[in-house]
Amino acid sequence: MPLLSDLAEAPAALPAASRYTVACGFLYLIVGLLLLAWPGAVQTLFLDPPFAGQEAALVRLIGMLVAIVGWFYVFGGRTGGRQFVAATILDRLILVPVVLLPLAFAGVFPHLLITFAVLDPLLASVSWYLLSRGRTRDTL
């Protein structure tokens with residue numbers, strides 16, 4: 001099937017920043033699928049109180065969105081494009097904390113969202129380092 005072969009296609013040698021983006025993508029994909037399949041992970045892993053209403057459905061939604069981001073990071077990273085890596089850095093450094101921290105401080109899944117709000121910019125910083133290191137190698 002051509003679609004599946006297109007998905008499997010990848011350049012022979014990916015730059016370090018692209019390989020790291022793929023690794024982050026797999027991490028997000030796994031975490032997203034975990035939350036999608038087991039919303040109770042929020043209580044088990046983060047010791048949050050039991051859900052009072054429809055929060056399990058919201059955790060599943062968060063899981064689906066994180067898994068989709070992971071899917072795109074895996075395949076975007078496999079393109080080897082510097083532009084894709086750069087685009088992932090900006091949203092993770094700026095958008096993620098700006099949106100997630102106020103929600104967490106308002107009491108919306110505080111442990112989960114603060115974890116994402118801290119971890120995501122840290123991972124983006126490593127991406128930025130690898131991207132900038134690759135740029136200096138390209139100009140030599």
Indicate if [X] and [Y] have the same hydrophobic cluster label, given that clusters are the connected sets of ILVMFWY residues with side-chain heavy-atom separations under 4.5 angstrom.
{"X": "Y73", "Y": "L119", "value": "yes"}
{"X": "V66", "Y": "V74", "value": "no"}
{"X": "F72", "Y": "L36", "value": "yes"}
{"X": "V31", "Y": "V99", "value": "yes"}
{"X": "F84", "Y": "Y129", "value": "yes"}

Let me confirm one number: the [atom1]-[atom2] distance from [X] to [Y], rounded to the nearest 0.5 Å.
{"X": "S127", "Y": "D120", "atom1": "OG", "atom2": "CG", "result": "9.5 Å"}
{"X": "Y28", "Y": "I68", "atom1": "OH", "atom2": "CD1", "result": "15.0 Å"}
{"X": "T21", "Y": "F75", "atom1": "OG1", "atom2": "CZ", "result": "14.0 Å"}
{"X": "C24", "Y": "L29", "atom1": "SG", "atom2": "CG", "result": "12.5 Å"}
{"X": "L93", "Y": "L122", "atom1": "CG", "atom2": "CG", "result": "9.5 Å"}
{"X": "L112", "Y": "L103", "atom1": "CG", "atom2": "CG", "result": "11.0 Å"}

Looking at [X] and [Y], what are the two nearest heavy atoms and their distance?
{"X": "A56", "Y": "P39", "value": "O-CB, 3.6 Å"}
{"X": "R60", "Y": "A37", "value": "NH1-O, 3.8 Å"}
{"X": "R133", "Y": "A16", "value": "NH2-CB, 3.8 Å"}
{"X": "A8", "Y": "R78", "value": "O-NH2, 2.7 Å"}
{"X": "V42", "Y": "L35", "value": "CG2-CD2, 4.2 Å"}
{"X": "P97", "Y": "R92", "value": "CD-O, 3.4 Å"}

Any [X] side-chain heavy atom under 4.5 Å of [Y] side chain:
{"X": "Y20", "Y": "L123", "value": "yes"}
{"X": "L45", "Y": "L34", "value": "yes"}
{"X": "V69", "Y": "L65", "value": "no"}

- Query: Which is it for L101 and V98 under the side chain to side chain contact (heavy atoms under 4.5 Å, CB included) test, yes or no, and what are the steps along the way?
  - Reply: CA-CA 6 Å; L101 287 176; V98 165; over 6 Å; no
- Task: Go through the structure and list residues passing ring-ring contact (aromatic ring centres under 6.0 Å, His included) with W38, not counting sequence neighbours.
- Result: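 Per chain and number, W38 pairs via ring-ring contact (aromatic ring centres under 6.0 Å, His included) with no residue.
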- Task: Check whether any side-chain N or O of Q43 sits under 3.5 Å from a backbone N or O of D48 as a donor-acceptor pair, and report yes or no.
- Result: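 No.
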- Task: List the steps and the verdict of side chain to side chain contact (heavy atoms under 4.5 Å, CB included) for L130 and V85.
- Result: CA-CA 10 Å; L130 292 172; V85 176; over 6 Å; no
- Mutual orientation of the aromatic rings belonging to H111 and F46 [parallel < 30°, tilted 30-60°, perpendicular > 60°]: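 H111 vs F46 ring planes: parallel.
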